[in-house]
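Some notes on the structure that comes next.
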Amino acid sequence: MLTDRATSRTVVPRGLGGLAAGVGAYGIWGLFPAYFGLLGFTDGGQVVAYRVIATAALMFVVILATRRLRDLKEVTPRGWALVCIGAVLISLNWGVYVYAVESNQVVGAALGYFINPLLSVVLAVLFFHERLSRAQVVAVVVAAVAVVVLTVDHGSPPWVALLLAGTFAAYGAVKKVTHLRPTVGLAAEGLVSWPFAVMYLAVVALGGTTSAMAHGWWSSTLMLLLGPITAVPLVLFGVAAHRLPLVSLGLLQYLTPAMQMVWGVVVGHEPMSVTRWCGFALIWTALAIFSVDTLRRRREPPPVGTSSWADNSGKLDSPNGRA
């Protein structure tokens with residue numbers, strides 16, 4: 001009896017701590033439109049460049065403090081090639097996201113992160129040769145119909161959403177086969193990215209564009225904080241991933257696009273026609289089908305020798321760089 005009580009006291013705080021960390025991580029990501037909206041004094045290119053540099057510097061300090069520098073030295077040439085691909089994908093993702101905020105398309109960005117788990121399923125079939133359940137096939141078809149509806153409403157495909165979902169799903173696929181710790185992976189990506197970020201800032205300066213750091217102490221502080229606001233939710237996510245069931249973590253990921261959509265509609269006053277609401281309703285229907293199927297499959301013993309990247313997309317897509 002005493003053992004049971006001790007176990008209960010241990011498990012409950014761990015579960016609550018994991019839930020708090022998960023809500024914290026996805027909540028911070030959900031508030032990104034508010035933060036990036038403060039950076040209107042400079043262009044999106046500089047925002048991405050300073051974010052790369054600030055994050056790289058912070059993560060280098062982290063791996064030094066955690067004595068993980070040796071892990072970087074042990075990365076194979078194939079590993080560095082995958083790191084480079086991941087760095088390009090996440091930089092593109094960040095750039096599209098900053099553009100979405102600057103151009104008042106936060107709802108479109110939210111749509112991208114709603115679509116992301118479903119696109120991960122498609123990549124799982126194309127590149128990892130996984131077989132979809134009937135429910136997953138239905139979810140993907142419903143999501144495709146939703147994209148068509150949104151295209152008709154907008155007059156063109158929802159490129160912001162598709163680019164965000166595409167780059168982030170591809171980034172998750174790359175992380176799947178890289179096999180690096182989240183902190184080491186992010187540090188490695190920063191290591192290969194920061195020279196290009198520095199070169200971009202040098203070219204901008206030579207071209208006569210005002211530096212983002214030239215607008216006073218407040219703007220400089222905001223730019224330097226791009227490192228911590230990228231790294232802190234990743235640390236919280238790591239805690240949540242360690243303490244929460246994978247299904248709980250996968251369901252929590254919808255908090256981010258939900259918060260961003262509310263911001264876009266309520267704060268940004270982005271237009272939402274009836275047709276656009278119908279498109280989002282179809283996406284949410286697809287996600288409901290996908291989530292229920294994931295819960296059902298998690299309760300069933302998996303066939304021997306099988307593993308599904310698509311079902312793990314909630315965990316694999318997030319560890320190293322949510323926009």
Between [X] and [Y], is any pair of side-chain heavy atoms under 4.5 Å apart?
X    : Y    : result
E189 : K175 : yes
I229 : W29  : no
Q46  : T209 : yes
L82  : V177 : yes
L287 : I283 : yes
H215 : T210 : yes
I115 : L111 : yes
V52  : W94  : yes

Parallel, tilted or perpendicular: rings of W284 and W277 (30°, 60°):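 Taking W284 first and then W277, their aromatic rings sit tilted (interplane angle of 30° to 60°).
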
Following the transitive rule for hydrophobic clusters with a side-chain heavy-atom cut-off under 4.5 Å over Ile, Leu, Val, Met, Phe, Trp and Tyr, establish whether [X] and [Y] coincide in one cluster.
X    : Y    : answer
L64  : V62  : yes
W217 : L224 : yes
V267 : V107 : yes
Y99  : F41  : yes
V198 : V203 : no

Considering all heavy atoms of both residues, which atom of [X] and which atom of [Y] are nearest to each other, and what is their separation?
X    : Y    : value
T42  : A212 : OG1-CB, 3.5 Å
L282 : V142 : O-CG1, 3.3 Å
S133 : D293 : OG-OD2, 3.0 Å
G268 : N104 : O-ND2, 3.5 Å
I53  : A197 : CG1-CB, 3.7 Å
A143 : A286 : N-CB, 4.0 Å

Enclosure of F127 CZ (heavy-atom neighbours >12, cutoff 6.0 Å):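 Open.
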
CH2 (W159) with more than 12 external heavy atoms under 6.0 Å: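 No, the 6.0 Å shell around CH2 holds no more than 12 heavy atoms from other groups.
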
State whether a side-chain donor-acceptor pair under 3.5 Å links [X] with [Y].
X   : Y    : result
R68 : T183 : no
Y50 : S211 : yes
Y97 : Q260 : yes

Backbone N/O of [Y] and side chain of [X]: donor-acceptor pair under 3.5 Å:
X    : Y    : result
S219 : G216 : yes
E270 : V265 : no
N116 : A169 : yes
T256 : Y26  : yes
R276 : P271 : yes
S220 : M213 : yes

Single hit among L58, T55, L39, V48 for side chain to side chain contact (heavy atoms under 4.5 Å, CB included) with L226: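 So, applying the side chain to side chain contact (heavy atoms under 4.5 Å, CB included) to L226 and each of L58, T55, L39, V48, only L39 qualifies.
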
Distance from [X] atom [atom1] to [Y] atom [atom2], nearest 0.5 Å?
X    : Y    : atom1 : atom2 : result
L255 : I28  : CG    : CD1   : 11.0 Å
T66  : R181 : OG1   : CZ    : 8.5 Å
W80  : L72  : CH2   : CG    : 5.0 Å
S91  : Y171 : OG    : OH    : 9.0 Å
Y113 : F168 : OH    : CZ    : 6.0 Å
S291 : Q253 : OG    : CD    : 8.0 Å

Test log, rule side-chain contact (heavy atoms from CB on, under 4.5 Å), inputs I289 and T285: CA-CA 6 Å; I289 295 171; T285 300; 4.2 Å; yes

Step-by-step side-chain contact (heavy atoms from CB on, under 4.5 Å) determination, V140 to V121: CA-CA 8 Å; V140 171; V121 169; 4.1 Å; yes

